[in-house]
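Just below is one structure, and these are the notes that go with it.
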Amino acid sequence: MFIKFPLTKPSEIHSHGKTKPRSNEMLKGYVKVNATSKALLLFRDLIRKSTSSIDSFSLLYIINACTRNSSRHEGRQFITLVVKLGYMHIIFIQTSLINYYSAVANLADAHQMFDEMPVRNVVSWTALISAYVHNQKPNSALKLFREMQMKNLDPDQVTLTVALSACADLGALDMGKWIHNFICRNKKMNKDLSLYNSLLNMYTKCGDIETAKKTFDSIKEKDVTTWTSMITGYAIHGQAKEALALFTAMTDSKIHTKIVPNEVTFVGVLMACSHVAMVDEGKRYFNSMIHDYKLKPRFAHFGCMVDLLCRAGCLQDAKDFILKMPMKPNAVLWRTLLGACSNCGDIELAEEARARLIEFEENLAGDDVIMGNIYASRGIWDKKETARNRINERRVPGCSSIEVGSKISEFVAADGDHPFVCKIYEVIESLMGNMSGYVSSFDAYDT
DNA sequence: GTATGCATTC
């Protein structure tokens with residue numbers, strides 16, 4: 001006679017009803033504080049005991065942990081478990097999986113998960129739209145957003161927050177304004193700070209700095225993101241004085257409720273300094289960030305500082321700054337220096353920066369374009385020719401950017417294009433009829 | 001008890 005031994009002790013079998021919720025509470029807690037190893041170990045212990053010691057909630061929490069850490073290897077195993085244990089029909093699991101696939105940059109599977117859902121709601125739609133935004137496909141995100149409305153499904157404030165983010169990435173001011181209007185008309189909707197922050201960001205990124213300021217002023221309870229968005233908005237529009245005045249206002253407890261700046265705030269502040277070559281101020285803010293606010297500078301901050309030193313013409317200082325960084329410099333930093341060398345005609349430094357860039361195996365035509373231009377400006381034609389040949393080997397087509405005004409939603413750029421960029425021939429085709437015979441002449445190689 | 005969101009260097 002076959003006797004099946006229980007995998008768990010009898011006492012534990014009886015306490016199943018209690019241990020499961022308790023272990024799930026622990027899992028949830030670990031995931032919440034990002035104690036991933038602890039969560040994974042706990043999950044492993046549970047599953048070793050018996051598959052009946054976990055349920056759909058346990059899997060949901062552990063998948064969320066994988067999402068937070070972009071853990072493909074673990075994630076795949078948990079998805080297998082979801083299928084094996086028969087939890088795939090649960091909408092919460094499905095939505096979490098869209099999120100997970102998005103985090104591991106697997107849009108195809110995120111979309112397939114969505115397609116296979118028999119029942120979808122505003123949350124699952126928003127999860128997919130957000131997946132496209134986070135994977136640099138703002139056009140597809142907006143397409144989905146429109147599709148959702150076509151199906152008469154009302155977006156909630158989260159959907160609109162994400163859609164506005166897509167508009168910001170595209171520079172799609174008209175769509176952004178349309179959403180703004182939609183928000184104002186919709187009296188029933190919950191409107192929270194994230195939504196207004198996203199709206200403010202959309203206006204700054206679309207270049208409507210006046211409406212951005214109005215939006216900023218209309219937000220009564222601002223958080224650090226609100227302030228940072230406005231500071232960065234002024235910075236990218238070259239209004240350094242306004243940006244720095246805002247930073248002062250933000251940190252001045254006498255004027256406003258004091259908000260503590262974070263790393264991102266300082267990126268905006270340093271950008272402001274760099275755009276008007278305020279070298280000493282930039283250095284002061286950089287040091288203040290480290291010593292007064294105990295914030296660790298990241299690539300973005302080093303990038304701003306290199307840019308700042310370069311714009312001020314202190315190329316050697318910029319190079320020393322890069323070499324003295326506590327972490328390994330990335331390609332962007334060397335490329336900033338290379339660009340500056342081109343403006344100043346510093347061949348030796350340019351060659352050094354170019355050599356550093358080759359180590360990154362990033363084959364960008366632009367780097368050789370700069371080298372070619374530097375050699376040409378000095379009349380060193382043989383080297384110019386070599387650089388030019390390297391460009392032609394790659395034959396990367398260039399594209400131009402154009403403002404299409406009220407028709408932007410009709411002529412939006414294809415996903416994969418640079419933000420703010422519409423392929424010029426698409427616009428010309430639309431405006432002047434089919435000119436496909438001419439469009440290839442607009443393909444440049446980069447000049 | 002469970003799923004969706006805002007600000008970041010060229």
Side-chain angles (χ1 to χ4, degrees), chain A residues 20-22 24-25 27-29 31 55-61 63-64 67 87 90-100 102 113-114 117 120-131 133-134 148 155-166 168 190 192-202 204-205 216 219 222-233 235-236 261-271 274-275 297-308 310-311 322 329-340 357 362 364 366-367 370 418:
Chain A
K20 215 175 335 193
R22 202 190 305 147
N24 279 348
E25 279 309 307
L27 263 178
K28 191 180 173 182
V31 175
D55 60 11
S56 68
F57 288 92
S58 336
L59 272 161
L60 189 93
Y61 297 138
I63 287 170
N64 289 347
T67 302
Y87 296 138
I90 300 170
I91 192 165
F92 299 98
I93 293 275
Q94 296 164 341
T95 312
S96 276
L97 284 179
I98 292 178
N99 226 11
Y100 162 77
S102 168
M113 181 74 252
F114 179 81
M117 290 173 75
R120 302 173 192 130
N121 57 22
V122 60
V123 182
S124 36
W125 276 91
T126 306
L128 189 64
I129 294 170
S130 161
V133 174
H134 284 136
M148 176 183 173
D156 67 5
Q157 83 271 27
V158 183
T159 321
L160 297 175
T161 305
V162 179
L164 283 167
S165 177
N190 270 326
D192 58 16
L193 187 52
S194 289
L195 179 62
Y196 287 120
N197 284 345
S198 199
L199 190 63
L200 165 62
N201 178 245
M202 183 277 296
T204 65
K205 293 290 154 62
F216 175 81
I219 299 173
K222 304 175 179 68
D223 67 0
V224 65
T225 303
T226 321
W227 286 94
T228 302
S229 292
M230 197 65 233
I231 290 170
T232 309
I236 56 183
N262 62 22
E263 289 95 337
V264 190
T265 317
F266 277 99
V267 172
V269 170
L270 295 176
M271 273 169 67
S274 112
H275 288 172
R298 301 204 286 239
F299 277 125
H301 304 101
F302 290 104
C304 290
M305 290 306 288
V306 171
D307 193 43
L308 172 63
C310 284
R311 279 175 203 250
I322 295 178
N330 63 10
V332 174
L333 298 173
W334 288 114
R335 192 161 292 129
T336 305
L337 183 62
L338 179 60
L357 276 168
E362 268 186 47
L364 288 193
D367 297 341
I370 292 175
H418 191 276

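Letters go in sequence order (proteins before strands), and every chain restarts at 1. All values reported here derive from a predicted model rather than from experimental measurement.
Judged by distance alone, the side chains of A:S165 and A:N201 never bring a donor and an acceptor atom under 3.5 Å apart.
The ring pair (Phe, Tyr, Trp, His ring centres under 6.0 Å) test applied to A:W125 returns A:F114, not counting sequence neighbours. For the salt bridge (charged side-chain N to carboxylate O under 4.0 Å, His left out) test, no residue two or more places apart in sequence or in another chain qualifies with A:E25. With sequence neighbours excluded, the residues satisfying ring pair (Phe, Tyr, Trp, His ring centres under 6.0 Å) with A:F302 are A:F286, A:F321. With sequence neighbours left out, A:F216 forms a ring pair (Phe, Tyr, Trp, His ring centres under 6.0 Å) with A:W227. By the salt bridge (charged side-chain N to carboxylate O under 4.0 Å, His left out) test, A:R311 is found to be paired with A:D307, residues two or more places apart in sequence or in another chain being considered.
Counting non-hydrogen atoms under 4.0 angstrom, A:V162 reaches the backbone sugars and phosphates but no base. Base engagement by A:Q157 is indicated by at least one non-hydrogen atom pair under 4.0 Å involving a base atom. Residue A:I129 is out of contact with every strand shown, counting any heavy-atom pair closer than 4.0 Å. Using a 4.0 Å heavy-atom distance criterion, A:N64 is classed as a sugar-phosphate-only contact. Within the 4.0 angstrom heavy-atom criterion, only backbone atoms of the sugar-phosphate kind lie near A:M271; the bases stay farther away. Residue A:N262 is classed as a base contact, given a heavy-atom separation below 4.0 Å to a base. Using a 4.0 Å heavy-atom distance criterion, A:S229 is classed as a sugar-phosphate-only contact.
Taking 4.0 Å as the cutoff to heavy atoms of chain A, we find the contact window on DNA chain B bounded by B:dG1 to B:dC10.
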